Structures are given as C-alpha cells and as structure tokens.
Number of protein chains: 2
Amino acid sequence: MIKNDIALAIEKNSEFNRAKSLLIVESILKSLKAALEKNQKVEIRGFGSFRVVDKKTGFGRDIRRKKQIKIEKGKRIKFRSGQELKNTLVRK
Amino acid sequence: MIKNDIALAIEKNSEFNRAKSLLIVESILKSLKAALEKNQKVEIRGFGSFRVVDKKTGFGRDIRRKKQIKIEKGKRIKFRSGQELKNTLVRK
DNA sequence: AAGGGCGATGTCGTTCTTGATCATCTGAAT
DNA sequence: ATTCAGATGATCAAGAACGACATCGCCCTT
C-alpha cells in the first residue's frame, strides 16, 4: 500500500477526487512530522502511537572495514501498535 | 497529538469541517488496518513504512510467579522512519 | 511513460528492547 | 461526563536495533 492507495480510500469514503485526496494525505503527513519534530507523541487509539525517544545505542558496525563505529546520539521514532491492531493481526 | 489534532490539520488545509475531517481520518486508519491485516506493507515515501513481521520472541516473564511464560508466536507491526523524517529530527 | 532517488535487504557485534502479566493512573475517544 | 485503551513498572532471557554501504526494487515526480 502506498500513498496513492490511501488517497483511494479517502476517495471512496467521500466526494473528493484523487488530487484533493492526495492533498489531504500530504497535509496529514506534514502535521505528523511537525509534531514529531517537536518531540510530541502521536497517539491514535485503536491503531498505535508514535514517540520520539533518545538514541542510546553507542556502537554500530562497519561491515566493510570490520570495525566498530561510534554512533552519534540523537533521536528515533518509535511506533507501538495498539491492542486493537494487534488483535486483528492475531485473528489472521 | 491525537486524532482530533489530525482532523484540525485537515481542516486548515481544506474547506472541510471538523466532523468531515474526522471521517477522513477514520477512513484512512481503516484502510491502513485492512492492509496490515493482509500482511501488506504500507510504504509512505518521505515519512516511513509499516511492515508485518513474524514474532520470534518465544519467552516472556510472569512477574507474580517469577517464572518464564511461553509466548505464542504471532505477528508484530514494525515501523521504520524514512530518511526525510530522520533528518528533520536530527536538525532539532 | 520513465528515470531518479528513496526504501528494502543483508552484513557485523554489542547494547538494548521485547514480551506476558496485573494493578493503577492518565487521558483519548465517544 | 463516562468509558476503557494505553502507559507504567518489575522481571529475565532471547531476539532485535543500531550505523554504514552496496545492490536491487520500485514509488514518486517529471
């Protein structure tokens, strides 16, 4: 499933055309990014939640040079699926 | 940020009212769930991707009885943030 | 219609998260 | 205003995540 498929879903559940649906998708993504940039968590009941967490891993591995790599500290996006979403998967 | 905030974002970038915006959000979530239930990956360029992966962890812990618990195998949702999203976080 | 550029994959070893459970508390959703 | 999903914490061990890079796949924009 890609962006266009999501726009299709909107199209089906509304009277908007594809172009307008895509704009909606973009605006949503934009707002999500904005929130995450501000270190805000995004919580969608019944689906899941996004959170910004500190990157703690201190070492990586350069497979070519076969030596350790220092990993700069930073941020990560962590997604946790909600119970409802988990259940639907279990049933499958 | 919660569902209502997302609806707000749609409201700002369109001529739809809050109720309609919420319906759009719901339809999107619904389609996302449907795709994941079918083990389909959801890929949003510039944002990130969701994938359904097999749960391999085989043990949990019952804190009360202090003993291991067998974990039934199942599925998990894995989210990976895209390059663009990572960059915006790094800048922060 | 088609190429460009982002995402997926595999690799490595160390560090860190995951995962079930239950009670309690916060707060999202209706 | 009410309800109930989600976060938290404690627990241990095994599996996953982490960065860099090349290659392949394919989404997205032209």
Side-chain angles (χ1 to χ4, degrees), chain A residues 1-8 18-19 21-23 25-26 29 33 35 40-90, chain B residues 1-8 18-19 21-23 25-26 29-30 33 35 39-90:
Chain A
M1 165 175 265
I2 58 180
K3 235 188 250 180
N4 201 49
D5 297 316
I6 298 178
L8 260 173
R18 185 75 50 83
S21 297
L22 273 173
L23 284 177
V25 175
E26 293 294 350
L29 292 176
K33 284 184 197 173
Q40 295 178 336
K41 72 174 179 183
V42 177
E43 185 172 339
I44 310 297
R45 294 283 169 122
F47 186 75
S49 60
F50 298 89
R51 265 181 298 171
V52 180
V53 297
D54 290 327
K55 193 190 303 175
K56 290 179 183 174
T57 314
F59 295 96
R61 191 81 183 174
D62 184 337
I63 195 68
R64 314 192 83 198
R65 303 186 177 192
K66 295 185 178 181
K67 63 178 183 179
Q68 283 192 331
I69 291 178
K70 184 184 179 184
I71 296 179
E72 298 301 326
K73 295 189 177 180
K75 311 274 187 182
R76 290 176 46 211
I77 300 286
K78 186 187 170 194
F79 173 76
R80 296 189 64 174
S81 57
Q83 195 59 46
E84 188 180 327
L85 184 53
K86 283 182 185 173
N87 288 340
T88 59
L89 290 177
V90 170
Chain B
M1 165 175 264
I2 59 180
K3 232 189 250 179
N4 202 50
D5 297 316
I6 298 178
L8 259 173
R18 185 74 50 83
S21 297
L22 273 172
L23 284 177
V25 174
E26 292 295 349
L29 290 175
K30 186 179 171 187
K33 283 185 197 172
N39 283 2
Q40 295 177 335
K41 71 175 178 182
V42 177
E43 184 175 340
I44 310 297
R45 293 283 167 126
F47 187 73
S49 62
F50 298 89
R51 265 183 298 169
V52 180
V53 296
D54 290 329
K55 191 191 305 175
K56 290 180 182 176
T57 313
F59 295 95
R61 192 80 183 175
D62 184 335
I63 195 67
R64 314 192 85 194
R65 303 186 177 195
K66 293 186 179 181
K67 64 178 183 179
Q68 283 191 332
I69 291 178
K70 185 183 177 184
I71 297 178
E72 298 302 328
K73 297 190 176 181
K75 311 271 187 183
R76 291 177 46 210
I77 301 286
K78 185 190 171 193
F79 173 77
R80 294 189 67 174
S81 56
Q83 195 59 46
E84 187 180 327
L85 185 52
K86 282 182 185 173
N87 289 341
T88 58
L89 290 178
V90 170

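If you're wondering where the values come from, they're calculated on a predicted model, not measured in any experiment. In what follows, every chain begins at residue 1, and chains take the letters A, B, ... in the order their sequences are listed.
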What's the closest nucleotide to the [X] side chain, out of [options]?
{"X": "Lys55(B)", "options": "dA20(C), dC27(D), dA22(D)", "answer": "dA20(C)"}
{"X": "Gln68(A)", "options": "dA7(D), dT14(C), dC22(C)", "answer": "dT14(C)"}
{"X": "Arg64(B)", "options": "dA8(C), dC22(C), dT15(C)", "answer": "dC22(C)"}
{"X": "Ile69(B)", "options": "dT15(C), dA7(D), dT21(C)", "answer": "dT21(C)"}
{"X": "Ile2(A)", "options": "dG6(D), dC27(D), dA29(C)", "answer": "dC27(D)"}

Using heavy atoms to find the nearest nucleotide of DNA chain C for Asp62(A) and Glu26(B) separately, return the residue whose nucleotide is more 5′. Asp62(A)
So, OP1 or OP2 of dC6(C): does either fall under 4.0 Å of a side-chain N or O from Arg80(B)? no
Taking only N and O in the side chain of Ser49(A), is any of them less than 4.0 Å away from OP1 or OP2 of dG6(D)? no
When the nearest nucleotide of DNA chain D is assigned to Phe47(A) and to Ile63(A) on a heavy-atom basis, which residue is associated with the more 5' position? Phe47(A)
Closest-nucleotide mapping onto DNA chain D: is Gly60(A) or Gln83(A) further toward the 5' terminus? I mean the 5' end. Gln83(A)
Without decimals, in angstroms, what is the distance between [X] [atom1] and [N] [atom2]?
{"X": "Lys67(A)", "N": "dT14(C)", "atom1": "NZ", "atom2": "P", "result": "16 Å"}
{"X": "Lys78(B)", "N": "dG7(C)", "atom1": "NZ", "atom2": "C1'", "result": "12 Å"}
{"X": "Gln40(A)", "N": "dA28(C)", "atom1": "CD", "atom2": "P", "result": "12 Å"}
{"X": "Phe79(A)", "N": "dG6(D)", "atom1": "CZ", "atom2": "C1'", "result": "13 Å"}
{"X": "Arg45(B)", "N": "dG5(C)", "atom1": "CZ", "atom2": "C1'", "result": "8 Å"}
{"X": "Lys3(B)", "N": "dG27(C)", "atom1": "NZ", "atom2": "P", "result": "18 Å"}
{"X": "Arg18(B)", "N": "dA29(C)", "atom1": "CZ", "atom2": "C1'", "result": "14 Å"}
{"X": "Arg65(A)", "N": "dC21(D)", "atom1": "CZ", "atom2": "P", "result": "7 Å"}

Which pair of non-hydrogen atoms, one from Ile44(A) and one from Leu29(B), has the smallest distance, and what is that distance? CG2-CD1, 3.5 Å
What's Gly58(B) touching, base or sugar-phosphate or nothing? Going by heavy atoms closer than 4.0 Å. nothing
Classify the nucleic acid contact of Gly82(A) as base, sugar-phosphate or nothing, counting any heavy atom under 4.0 Å across all strands shown. sugar-phosphate
Would Lys55(B) and Glu72(B) count as a side-chain contact (heavy atoms from CB on, under 4.5 Å) here? Give the steps. CA-CA 9 Å; Lys55(B) 191 191 305 175; Glu72(B) 298 302 328; over 6 Å; no
Parallel, tilted or perpendicular: which one describes the rings of Phe47(B) and Phe79(B), with boundaries at 30° and 60°? tilted
Criterion side-chain contact (heavy atoms from CB on, under 4.5 Å) on Gln68(B) and Arg61(B), from CA distance to verdict: CA-CA 5 Å; Gln68(B) 283 191 332; Arg61(B) 192 80 183 175; 3.7 Å; yes
Carboxylate-amine/guanidinium contact Arg45(B) Glu84(B), below 4.0 Å: no
